[in-house]
Amino acid sequence: MKTKIDYFDYDTLLQPTDWRFAAAVVGLCKYFDYFGIVYKVLYDVEEKPDNYIHGFDGIIYKSEDITEEKYLEFAENYFEKYMTHKNILNILESQEFSEEKIKLVNDLVKSKTVLKGLFDKIKFDGTNKDIFISTIEENRAEIIKNIFKNGNNLYKNYCNERLIFTEDNSTCRLRGYNVDKDRKTSNLGFCFSKESFESNDILEFDFIPFAFSNSDMRETYFVNNNFSVKSLTQTNYAFSNQLSSTENKDDKNKLMLVLQNSKDYISYDVEIISKSQDKAYYETFFVRLERLKKLRELSGKSLNFVKKINDDYWFNLEKEVYMRCLNNVLLDDVILMMLKFYFDDNAVKGYIKSRTDMLIDINVSWKGNDIMDEIKSAKSCGFLTSKKLIEMKSSNKINSYKQKIISALCAHDYDRAKEIILSLSAYVGMEFSFFYTFLENAEENKDLAFAFASALIEVSSKNN
């Protein structure tokens with residue numbers, strides 16, 4: 001919440017009452033620190049402003065310290081590697097220019113509409129660098145503003161680019177919160193009355209892009225642990241650094257791996273906001289400490305398995321497990337998918353089996369079922385049954401029974417699964433000790449059937 005105050009020489013208080021204001025606080029702190037502008041943290045001052053909101057920290061500052069000129073300078077520095085004009089100026093520092101450098105300068109000019117407009121009839125040839133340097137310096141503010149506000153991974157990803165550094169807007173500038181005021185807005189309000197629709201927007205929301213992590217990622221994140229300004233700034237700094245140092249993973253997997261290793265700065269339930277360049281809105285999910293501990297327990301477990309399902313979807317086992325862990329969802333459907341993948345052409349059956357067995361153990365631990373001894377028994381029975389079928393020269397029945405059990409489990413037809421397992425028990429002349437627990441409550445103890453089916457695999461007597 002933004003509040004006008006009369007507090008010594010300061011006139012504004014910004015408190016992180018929801019994630020938007022929290023992100024604005026983090027962005028503003030970076031801005032103030034960059035320029036060395038003095039501001040105060042609410043929790044650090046003994047004498048509080050009269051009209052502050054109890055229960056929230058905040059920053060106290062002078063509104064006059066926020067100017068468009070400084071804002072653009074800060075944006076240019078913070079997102080320096082995306083500032084095309086800076087790249088051009090760096091190249092122009094050379095005394096001699098190869099054909100490759102000349103071409104690079106001209107290509108960079110063509111890559112941005114604002115630069116194309118400024119150099120419409122001028123082409124860099126290696127001898128006219130002074131014209132390029134002076135033109136860029138004279139129009140620097142315009143160039144920065146256009147590059148920043150129109151960058152798909154910059155301001156445009158977070159806010160309506162037409163509202164940059166504006167005030168008194170009728171709707172919030174943030175993506176997903178913004179409404180086109182030229183269209184009908186009656187359906188936004190209660191009983192189709194636009195007068196009943198309330199929205200808030202403040203200039204400080206323009207600092208939200210600086211609060212989110214790693215603009216080189218297609219999906220960026222903000223951790224809203226608004227216990228204090230200190231925790232907000234320190235957590236997001238550490239979070240962003242860890243994301244940067246995590247390589248060779250897609251954005252969601254990066255997030256999961258960072259959360260696994262976040263015990264030094266996240267030790268409580270916390271809200272995480274994400275913004276993808278592919279979506280015109282923000283998403284939020286709540287990470288509970290209990291699930292975060294479960295996620296950290298997965299650290300070191302090898303869950304590497306990726307399979308193309310169709311052109312639009314790749315099944316990523318690690319990602320599926322991590323997301324279910326955070327969302328408190330069991331792995332039943334993932335286990336069944338892995339069991340079905342076993343029968344695919346060119347499937348590395350031993351690799352799939354080892355991953356499936358690991359998933360079953362994780363699933364049982366998440367459920368809190370005290371059946372690990374029975375799980376081991378089911379795996380042993382599956383192995384011995386496979387070995388017996390090979391000795392009976394009926395190895396073709398291993399996959400047949402395995403498929404039947406999996407099909408019954410996929411259909412949630414537990415009576416059929418019981419019949420198939422009993423039939424197999426009779427066929428090989430073996431008693432399955434785990435079966436009695438499965439018989440008592442098949443749905444609750446379906447992991448026993450998962451473990452037994454996974455263990456049905458063509459083995460030789462040497463593999464015992």
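Computed from heavy atoms alone, side chains included, the values below leave out hydrogens, waters and symmetry copies. Computed from a prediction, not measured in an experiment: that's the story for all the values here.
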Under 6.0 Å between ring centres, would you say that holds for Phe205 and Phe21?
yes

Assign the ring pair Trp19 / Phe212 to parallel, tilted or perpendicular, where the plane angle (0 to 90°) is split at 30° and 60°.
perpendicular

Would a distance-only check, ignoring hydrogens and angles, find a side-chain to backbone donor-acceptor pair under 3.5 Å from Arg173 to Leu163?
yes

Side chain to side chain contact (heavy atoms under 4.5 Å, CB included) partner of Phe305, chosen from Asn316, Val348, Leu317
Leu317

Please determine whether a side-chain nitrogen of the Lys or Arg among Lys275 and Glu219 lies less than 4.0 Å from a carboxylate oxygen of the Asp or Glu.
no

Within the supplied structure, the quantity of interest is the number of heavy atoms (other residues, nucleotides, ligands) at a distance under 6.0 Å from Tyr351 OH; does it exceed 12?
yes

Closest approach of Lys156 to Gly151 (non-hydrogen atoms, all atoms of both residues):
CB-O, 3.3 Å

Can you tell whether the side chains of Asp11 and Lys62 come within less than 4.0 Å, N to carboxylate O?
no

Is the gap between the ring centers of Phe341 and Phe315 under 6.0 Å?
yes

Evaluate whether atom OH of Tyr436 has more than 12 neighbouring non-hydrogen atoms of other residues, nucleotides or ligands under 6.0 angstrom away.
no

Using a 4.5 Å cut-off on heavy atoms from C-beta on, say whether the side chain of Trp366 contacts that of Lys294.
yes

SB check Lys367 Asp447 (cutoff 4.0 Å):
yes

Aromatic rings Phe74 and Phe35: how do their planes relate, parallel, tilted or perpendicular, breaks at 30° and 60°?
tilted

May I ask you to check whether over 12 heavy atoms, not counting those of Asp311, lie within 6.0 Å of atom CG?
no

Within the supplied structure, the quantity of interest is the number of heavy atoms (other residues, nucleotides, ligands) at a distance under 6.0 Å from Lys349 NZ; does it exceed 12?
yes

Please tell me if the side chains of Tyr39 and Asp33 come closer than 4.5 Å, counting only heavy atoms from C-beta onward.
yes

Evaluate whether atom CG of Asp50 has more than 12 neighbouring non-hydrogen atoms of other residues, nucleotides or ligands under 6.0 angstrom away.
no

Measure centre to centre between the rings of Tyr52 and His54, then say whether the value is under 6.0 Å.
yes

Trace of the salt bridge (Lys or Arg N to Asp or Glu O under 4.0 Å) decision for Arg324 with Glu320:
CA-CA 6 Å; Arg324 280 165 175 74; Glu320 297 289 343; 2.4 Å; yes

Shortest non-hydrogen pair, Ser386 vs Ile398, comes out as O-CD1, 3.7 Å

Exactly one of Tyr237, Phe148, Tyr155 clears ring pair (Phe, Tyr, Trp, His ring centres under 6.0 Å) with Phe210, and that residue is Phe148

Just wondering, more than 12 heavy atoms not from Asp370 lying within 6.0 Å of its CG?
no

Least distance between heavy atoms, Lys48 atom then Tyr7 atom:
C-CE1, 4.0 Å

Phe222-Tyr282 aromatic ring centre distance below 6.0 Å
no

Using a 6.0 Å cut-off, check whether atom NZ of Lys40 has over 12 heavy atoms from anything other than its own residue.
no

Are any non-hydrogen side-chain atoms of Pro16 and Leu232 less than 4.5 angstrom apart?
yes

Should the pair Arg175-Glu161 be classified as a salt bridge under the 4.0 Å nitrogen-to-oxygen rule?
yes

Are Asn146 and Lys112 close enough that a side-chain donor and a side-chain acceptor fall under 3.5 Å?
no

On a heavy-atom basis, which atom in Tyr82 and which in Ile147 lie closest, and how many Å separate them?
O-CG2, 3.6 Å

Test side-chain contact (heavy atoms from CB on, under 4.5 Å) on Ile164 and Cys159 and set out the steps.
CA-CA 8 Å; Ile164 187 170; Cys159 307; over 6 Å; no

Would you please test Lys418 and Asp413 for salt bridge (Lys or Arg N to Asp or Glu O under 4.0 Å) and show each step?
CA-CA 9 Å; Lys418 294 173 190 174; Asp413 190 346; over 6 Å; no

Shortest non-hydrogen contact from Asn178 toward Thr171:
ND2-OG1, 3.3 Å

Closest non-hydrogen atom pair, Asn304 against Arg355
O-NE, 3.6 Å

Would a line drawn from the ring center of Phe452 to the ring center of Phe432 be shorter than 6.0 Å?
yes

For the ring pair Tyr71 and Phe165, is the centre-to-centre distance below 6.0 Å?
yes

